[in-house]
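Since the model is a prediction, treat every value here as computed from it, not as a measurement. Residue numbers start from 1 in every chain, and the chains themselves are labelled A, B, ... in the order their sequence lines are given, proteins ahead of strands.
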There are 2 protein chains.
Amino acid sequence: MEATATGVRAQAKQAMLEAILTAARRQLAEVGPAALSVRAVARDVGMASSAIYRHVASRDELLTLLITDAYEDLGAAIETAESEAERGDYAGRFRAAALGARCWALAEPHRYALVYGSPVPGYIAPEATIGPATRGTAVFARILVDATAAGTVTHVSRSQIGHAVLVPQVMHEFLPGVSIELAALGVLCWAEIFGLISFELFGHLVGSVADNEAFFDAGVSEMVDRLGFG
Amino acid sequence: MEATATGVRAQAKQAMLEAILTAARRQLAEVGPAALSVRAVARDVGMASSAIYRHVASRDELLTLLITDAYEDLGAAIETAESEAERGDYAGRFRAAALGARCWALAEPHRYALVYGSPVPGYIAPEATIGPATRGTAVFARILVDATAAGTVTHVSRSQIGHAVLVPQVMHEFLPGVSIELAALGVLCWAEIFGLISFELFGHLVGSVADNEAFFDAGVSEMVDRLGFG
DNA sequence: TCGCAAGTGCGAACAGCGTGCGCAGATGCT
DNA sequence: AGCATCTGCGCACGCTGTTCGCACTTGCGA
């Protein structure tokens, strides 16, 4: 069989890993990252706990896989939300992307906490996570790039931003043509969006904010205004 | 002895609890919240692990104590930072408070993660933590109140904020006289400040922002401007 | 087609964890 | 002075992550 040229065994291994990840995702949703246990996952997939280690090096690697998985998923959610807005409506695209992120977070609180909460494993994020992490961010970057290219961005930069604040390579790769001021404003908004979501999800708004959705919307409206999107 | 009227025993118990907390704080700073273990704390204070339970009901309660402890400490840091600014300089007071929060967080990353990261115990914050949590927030609230009373606040509210967004009791208790718009703006800024700190501390700015301090300053400057402080 | 090496799973084991229980000694209160 | 309460200890249970040696299957090269 040519289809399995690269090894029918490798294919089975891949499937097994997928089963493990599926079980781990379920565990994660039920008990949270801190209580996720390799043994419970093994029980779930019907294997001895030690057998898990044929597919995953350690509990930390399992968590890392779940992290990149969550990043991908969140990124995809932001992408599809944003893609449903009119291309030329930069404010609408920004709003949709932000709302998409919040909706995903509300639907998957534990996975959100995994990526945007305090780092849980050792507490140093492996290199492997930085790739998928950019997927959602890239959506916001594209909006700034497109708006700049269209010349419709009319933001006022009140505070002067030093040219050395942002990493140049990021500017060139993800934000070509965007002014330093708008780029910095964008990164600030990016941080604010996830700050708002985290505050809501982690309970810091309880007792202060009555309508979380309206509050988030108000924040996004402020950002849109600040960025200079009509 | 009159001084020990309320019980020399209770005093010893209090001292023991303090010793436990001190050891726990040390453990926390070294290995982080996830790896904090009752047994290690017991070893540190020279007791059997089971004896800890005479003073603390569970590991979760120990963490809760550390959380309120951290809230108090952070609140105190914000207070002293803010108190060193000119009373009539509302922008300066705001800036000082925000910077104070960031400095404390950088100095005590694990304790910061404990309070502003993903909730670690069960994942529901006990009631006991909401009191100390307000200490730092109250500083920011007072600045808004004072600025409003002085009539020097000239913020422009671009997005209309519904009156039902914030909890009325909080408005009356912590923000008397402050307009809904400014209050909402204040809460947004509050969330943004800790969003920025969290992003920096949890590594989400790595690769994008070159100068964390300048970036934070730029964000705070934006906020000051938005709030309408000169 | 056969045989071997690699892959894969299992069970036992170790160290460490949170936590409950029963016992013993110290000690403040009456 | 005596008692009840407090405090600490050792042991135990069940859980965890992880390793190791053993068996068994099975794809692949000859």
> Which value, rounded to the nearest 0.5 Å, describes the distance between B:L99 atom CG and B:F94 atom CZ?
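It is 11.0 Å, given to the nearest 0.5 Å.
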> Any side-chain heavy-atom pair from B:I193 and B:F140 closer than 4.5 angstrom?
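Sidechains of B:F140 and B:I193: in contact.
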> Rounded to the nearest Å, what distance is computed from the CZ atom of residue B:R59 to the C1' atom of nucleotide C:dC17?
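Going from CZ in B:R59 over to C1' in C:dC17 covers 9 Å.
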> Provide, to the nearest angstrom, the distance between the CG atom belonging to A:L36 and the C1' atom belonging to D:dT16.
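In whole Å, D:dT16 C1' lies 12 Å from A:L36 CG.
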> Got a second to check how far B:L28's CG is from B:E108's CD, nearest 0.5 Å?
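The distance works out to 8.5 Å.
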> Ring pair (Phe, Tyr, Trp, His ring centres under 6.0 Å) with B:Y116: which residues, sequence neighbours excluded?
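Applying ring pair (Phe, Tyr, Trp, His ring centres under 6.0 Å) to B:Y116 gives A:F199, A:H204, B:Y112, B:F194.
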> Side chain to side chain contact (heavy atoms under 4.5 Å, CB included), that's the test. Do B:L196 and B:M223 meet it? Break it down for me.
CA-CA 12 Å; B:L196 288 176; B:M223 294 181 224; 3.9 Å; yes
> Tell me, please, which residues at least two apart from A:H55 pass ring pair (Phe, Tyr, Trp, His ring centres under 6.0 Å).
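Counting only residues at least two positions away or on another chain, A:H55 forms no ring pair (Phe, Tyr, Trp, His ring centres under 6.0 Å).
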> Could you tell me which non-hydrogen atom of B:A19 sits nearest to which non-hydrogen atom of B:V45, and how far apart they are?
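Minimum heavy-atom separation between B:A19 and B:V45: O-CG1, 3.7 Å.
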> Give the C-alpha distance, both sets of side-chain angles, the deciding distance and a yes or no for side chain to side chain contact (heavy atoms under 4.5 Å, CB included) between B:V224 and B:V220.
CA-CA 6 Å; B:V224 165; B:V220 173; 4.3 Å; yes
> Figure out the OH/P separation between A:Y53 and C:dC14, and round it to whole Å.
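Value for this atom pair: 17 Å.
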> Which residue pairs pass the side-chain hydrogen bond (donor to acceptor under 3.5 Å, both in side chains) test with at least one member in residues 30-49 of chain B, sequence neighbours excluded?
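Qualifying pairs, neighbours excluded: B:R26-B:D44.
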> Provide a list of protein-nucleic acid N or O atom pairs under 3.5 angstrom, restricted to nucleotides 5-8 of chain C.
unit_1 : atom_1 : unit_2 : atom_2 : d
C:dT8  : OP2    : A:K13  : NZ     : 3.2

> Which residues in residues 38-48 of chain A have a heavy atom closer than 4.0 Å to any atom of DNA chain C?
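Those residues are A:R39, A:M47, A:A48.
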> In whole angstrom, what separates A:D60's CG from D:dT18's C1'?
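Distance check: A:D60 CG to D:dT18 C1' gives 12 Å.
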> Find the distance A:L62:CG to D:dT16:P and express it as a whole number of Å.
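Going from CG in A:L62 over to P in D:dT16 covers 14 Å.
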> Just how far, in rounded Å, is C1' of D:dC6 from CD of B:Q14?
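One finds 16 Å between C1' of D:dC6 and CD of B:Q14, rounded.
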> Could you tell me whether the side chain of A:L63 reaches within less than 4.5 Å of the side chain of A:R59, counting heavy atoms only?
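A side-chain contact under 4.5 Å exists here.
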> Quick one: closest heavy-atom pair of A:I52 and A:A42, and the distance?
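Between these two residues, the closest heavy atoms are CG1-CB, 3.6 Å.
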> Taking atom types as they are modelled, is there a donor-acceptor pair under 3.5 Å from the base of C:dG9 to the side chain of A:S50?
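Looking at the base of C:dG9, it does not pair with any donor or acceptor on the side chain of A:S50 (distance under 3.5 Å).
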> Five pairs per end, C1' atoms only: what is the angle between the end axes of the helix from C:dT1-D:dA30 to C:dT30-D:dA1, to 10 degrees?
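Its terminal axes enclose an angle near 10°.
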